[in-house]
Amino acid sequence: MKIARFDDDRLGLVVGDEIAEVTSVLEKLPAVHWPVPRGDLLIRHLAELAPAMRDAAGEGQRLKIGDVHLHSPVANPGKIIAAPVNYLKHQAEARADTEINYGSDVKTIDHYGLFIKASSALAGPGDGVVAWLNDRRIDHEVELCVVIGEGGRNISRDDALAHVAGYTIGLDMSIRGTEDRSYRKSFDTFAVVGPWLVTADEFGDPSEVDFELRVNGEVRQKANTRDLIFDIPKLIVRASNAFTLDPGDIIMTGTPEGVGPVKPGDVMDCEIDGIGAMQVQVRGA
Ligand code: MN
């Protein structure tokens, strides 16, 4: 299934170039009381709701994808975990560009571990990205995103992919500079997630997936997940050794070479095989 959240928190399944509305299924979610369980309520109950979603899609209203405002398919990720320097060619470009490295010796994920982006940075493709701080370089980083389904701690490599609810496209927007990653990469709208969630059963093997990003039609990033330094199972192992993973947690798996600046008015087109495409506008602050 391809699950989209759109307009006024409506839910749908993507069928071709249309969305079949399944919002009525949300009434089956349990009522929650304070303190609410961590993570995303829909993702927590996705496996139980899937049959009802398929049924509802057969009867639901159809809308053209181009006519709706797409939000992040995960509404309430407890945390957004991200992978610093997880492609060697991105390390090489970061080492070569003083506007990226700011005088530091750029190492890889093995050295840095993981970092966290604020969940308030979450945006959908329809929201666009705000270019805060007009005197600073703001880069696009397109990344395959993993959405955790069943949570857990100390997840083994063999079990790792069984904890994935699905996959989506992410933009880890980044202000370049000397500040900590969690600051530079957590401004509002700097975690774009979309255009929809492709469930793991439909997506299949994430280890060899082509993806690309274009800015105003020009290809800037074009890569394949086979070149990840830490592959997806290893990212899940490392993350769960540190953090209890909850349903709806997002792991941004790292960006390949080709990062570069964007400015207000630019249009980013991101595409990942097996997911689809999302278009994201850059707006002024
Ligand atoms: Mn990144």
Side-chain angles (χ1 to χ4, degrees), residues 1-14 19 21-54 56-57 69-82 114 116-127 143-153 155 160-172 186 188-203 206 232 235-236 239-240 242-253 275 278:
M1 290 191 299
K2 294 186 173 78
I3 302 164
R5 183 168 66 104
F6 64 99
D7 293 349
D8 189 12
D9 287 322
R10 295 163 74 185
L11 194 70
L13 298 190
V14 176
I19 292 181
E21 181 163 22
V22 300
T23 307
S24 60
V25 171
L26 296 175
E27 288 163 22
K28 296 180 189 296
L29 287 174
V32 292
H33 300 283
W34 182 88
V36 299
R38 279 201 312 254
D40 186 277
L41 195 65
L42 176 62
I43 302 295
R44 182 180 290 274
H45 294 281
L46 194 57
E48 307 147 50
L49 293 187
M53 288 170 72
R54 286 195 191 89
H69 179 112
L70 289 166
H71 298 287
S72 163
V74 183
N76 298 111
K79 51 193 171 294
I80 302 171
I81 301 162
L114 301 164
I116 301 288
K117 287 168 75 81
S119 52
S120 49
L122 188 70
D127 306 321
E143 316 197 356
L144 177 65
C145 281
V146 173
V147 176
I148 295 297
E150 188 194 339
R153 191 179 164 80
I155 295 168
L161 294 183
H163 286 262
V164 177
Y167 300 86
T168 181
I169 307 175
L171 274 170
D172 173 21
S186 285
D188 286 2
T189 73
F190 276 19
V192 186
V193 174
W196 37 74
L197 177 75
V198 181
T199 51
D201 58 330
E202 181 167 322
F203 188 80
I232 287 165
L235 288 169
I236 293 169
S240 72
F243 325 122
T244 295
L245 298 183
D246 298 308
D249 283 353
I250 293 171
I251 303 177
M252 290 195 167
T253 59
I275 297 174
M278 70 173 182

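Not measured: the values here are computed from a predicted model.
How far CG of L235 is from CE of M252: 13.0 Å, rounded to the nearest 0.5 Å. Of the inter-residue distances, the one linking L41 atom CG with N76 atom CG reads 8.5 Å to the nearest 0.5 angstrom. H71 NE2 to D8 CG: the interatomic distance, rounded to the nearest 0.5 Å, is 7.5 Å. Distance check: F190 CZ to L122 CG gives 14.0 Å after rounding to the nearest 0.5 Å. Taking CD1 of I155 as the reference point, atom CD1 of I148 lies at 6.0 Å (rounded to 0.5 Å). In this structure, CZ in F203 is found 10.5 Å from CG in L161, a value given to the nearest 0.5 Å.
In terms of heavy atoms, V198 sits closest to K2 at CG2-CG, 3.9 Å. Closest heavy-atom contact between T168 and P73: OG1-CG, 4.1 Å. Taking all atoms of both residues into account, the shortest heavy-atom contact from A123 to S72 is O-CB, 3.9 Å. P125 approaches P195 most closely through the heavy-atom pair CG-CA, 3.9 Å. The two residues T244 and D249 have their closest heavy-atom pair at O-OD2, 4.0 Å. Closest approach of V25 and A52 over heavy atoms only: CG2-O, 3.6 Å.
A distance-only check finds a donor-acceptor pair linking the side chain of T23 to the backbone of L11 [under 3.5 Å]. Looking at E143, its side chain never comes within 3.5 Å of a backbone N or O of G170 through a donor-acceptor pair. Without hydrogens or angle criteria, T253 side chain to L144 main chain gives a donor-acceptor distance under 3.5 Å. A donor-acceptor distance shorter than 3.5 angstrom exists from the side chain of T199 to the backbone of M1, with no hydrogens or angles considered. Using a distance-only test at 3.5 Å, with no hydrogens or angles considered, no donor-acceptor pair links the side chain of K79 to the main chain of I116. A donor-acceptor contact shorter than 3.5 Å is absent between the side chain of H163 and the backbone of G149.
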Walk me through whether I19 and L70 qualify under side chain to side chain contact (heavy atoms under 4.5 Å, CB included). CA-CA 11 Å; I19 292 181; L70 289 166; 4.2 Å; yes
Go through it in stages, so that I can follow the logic: the residues are V164 and I236, the test is side chain to side chain contact (heavy atoms under 4.5 Å, CB included), and I'd like the CA-CA distance, side-chain angles, deciding distance and then a yes or no. CA-CA 9 Å; V164 177; I236 293 169; 3.6 Å; yes
Would D172 and I80 count as a side chain to side chain contact (heavy atoms under 4.5 Å, CB included) here? Give the steps. CA-CA 10 Å; D172 173 21; I80 302 171; over 6 Å; no
Test side chain to side chain contact (heavy atoms under 4.5 Å, CB included) on L46 and L197; report intermediate values, then the result. CA-CA 11 Å; L46 194 57; L197 177 75; 4.2 Å; yes
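A side-chain donor from one of H69 and D127 sits under 3.5 Å from a side-chain acceptor of the other.
Residue pairs meeting the salt bridge (charged side-chain N to carboxylate O under 4.0 Å, His left out) criterion with at least one member in residues 21-39, sequence neighbours excluded: R10-E21, R38-D246.
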